[in-house]
Number of protein chains: 2
Amino acid sequence: MEEDKHSLKERKVITIGIVSELTGLTVRQIRYYEERKLIFPERSNQGSRKFSFSDVETLMEIANKIEEGVQTHEIRREMAKKKKGVTEKEVRNRMLKGQIRAQFGDPKM
Amino acid sequence: MEEDKHSLKERKVITIGIVSELTGLTVRQIRYYEERKLIFPERSNQGSRKFSFSDVETLMEIANKIEEGVQTHEIRREMAKKKKGVTEKEVRNRMLKGQIRAQFGDPKM
DNA sequence: CGGTTTATGTTAGAAATTCTAACATGTTTT
DNA sequence: AAAACATGTTAGAATTTCTAACATAAACCG
């Protein structure tokens with residue numbers, strides 16, 4: 001199934017320095033979590049990482065787990081499980097938008 | 001009146017290179033449109049520009065006007081006029097979200 | 001018409017950001 | 001105790017961004 005490459009949340013446009021500011025994590029940590037396959041930034045032509053708001057959100061969740069003492073290893077497993085729930089939420093959300101469109105015409109959301 | 005600094009659309013997190021890719025404008029053009037007060041990026045501590053998705057949208061509109069042969073000068077005037085309409089749309093949108101919340105509970109939108 | 005402004009390119013040098021890779025180290029796991 | 005984890009730090013290279021200045025074709029305007 002296709003990811004939504006176009007919602008603002010999913011677009012990979014934020015550089016690592018800004019992600020660092022936004023999350024409070026060091027760039028070292030962010031790179032390390034990528035290495036551990038917890039996040040998947042895209043790369044620009046020259047190889048610099050580009051993150052989405054969604055990635056930023058994920059990183060904040062990761063930061064919490066880490067503080068709780070959970071290992072990346074375990075976080076990775078939990079995230080795999082959660083994937084299903086997320087997909088369901090997306091479907092629900094799409095349905096919701098359908099309803100809105102039906103009621104109000106096409107409000108460019 | 002306060003701007004909404006928190007919606008994804010308004011957050012200033014995109015560097016000029018990426019804005020350039022996203023809009024097809026050169027960085028020279030983007031800087032120039034700032035100089036002409038058509039856009040208002042924030043600055044990082046060290047002085048590099050940070051744009052929002054909203055800025056990107058605006059830049060695309062600007063690019064169209066420019067192609068039509070409209071001068072920055074004129075575009076600036078048009079944008080001032082449009083400001084009012086935008087505010088109205090924001091209000092309407094907020095109302096819409098209120099309705100949705102009322103119907104479906106709080107769908108984290 | 002001719003001077004002025006507009007819009008953009010180009011160049012130059014400095015400062016900032018990002019990248020990879022390696023080494024160090026205290027802390028958990030196993 | 002050995003291995004793995006999580007981060008910091010350092011180093012050098014590559015990329016990006018910044019400002020400022022100069023150049024110029026095109027558009028505007030008195």
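Chain letters run A, B, ... following the sequence lines, proteins first and then strands; every chain starts at 1. Keep in mind that the numbers below use all heavy atoms, side chains included, and drop hydrogens, waters and symmetry copies.
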Report the distance from atom CG of B:Asn45 to atom P of D:dC18, rounded to the nearest whole Å. 14 Å

Using 4.0 Å as the upper bound for N to carboxylate O, is an ion pair formed by B:Lys9 and B:Glu57? yes

Just jot down the side-chain contact (heavy atoms from CB on, under 4.5 Å) partners of B:Glu34, sequence neighbours excluded, or say none. B:Ile39, B:Pro41, B:Arg43, B:Arg49

B:Gln29 CD to C:dT6 P: how many Å, rounded? 16 Å

Does CZ belonging to B:Arg76 count more than 12 external heavy atoms closer than 6.0 Å? no

Taking atom C1' of D:dT16 as reference, at what distance in whole Å does atom CD1 of B:Ile14 sit? 16 Å

To the nearest angstrom, the CD1-C1' distance between A:Ile75 and D:dA4 comes to 15 Å

If you measure from the Lys or Arg side-chain nitrogens to the Asp or Glu carboxylate oxygens, is any gap between A:Lys81 and A:Glu78 under 4.0 Å? no

Could you give the CD1-to-C1' distance, from B:Ile62 to C:dT6, as a whole number of Å? 15 Å

Once base and sugar-phosphate atoms are separated, protein heavy atoms under 4.0 Å mark nucleotides 18-30 of chain C, 5' to 3', with B, S and - as SBB-------SS-

Measure the distance from CD on A:Glu74 to C1' on D:dA4 and round it to the nearest whole Å. 16 Å

Would you say B:Tyr32 places a side-chain N or O within less than 4.0 Å of OP1 or OP2 belonging to C:dG9? no

Side-chain atoms of residues 19-29 of chain A: list all donor-acceptor pairs with protein atoms under 3.5 Å, sequence neighbours left out, distances to 0.1 Å.
residue: A:Ser20; atom: OG; partner: A:Leu25; partner atom: O; Å: 2.6
residue: A:Thr23; atom: OG1; partner: A:Val19; partner atom: O; Å: 2.8
residue: A:Thr23; atom: OG1; partner: A:Leu25; partner atom: N; Å: 3.1
residue: A:Thr26; atom: OG1; partner: A:Gln29; partner atom: N; Å: 3.0
residue: A:Thr26; atom: OG1; partner: A:Gln29; partner atom: OE1; Å: 3.4
residue: A:Gln29; atom: OE1; partner: A:Thr26; partner atom: N; Å: 2.9

Round to a whole Å and report the spacing from CG of B:Leu25 to C1' of C:dG9. 14 Å

Can you check the B:Arg77 CZ to C:dT6 P distance for me, whole Å? 12 Å

For A:Phe51 and A:Ile18: C-alpha separation, side-chain torsions, deciding distance, then whether side chain to side chain contact (heavy atoms under 4.5 Å, CB included) applies. CA-CA 9 Å; A:Phe51 301 81; A:Ile18 295 183; over 6 Å; no

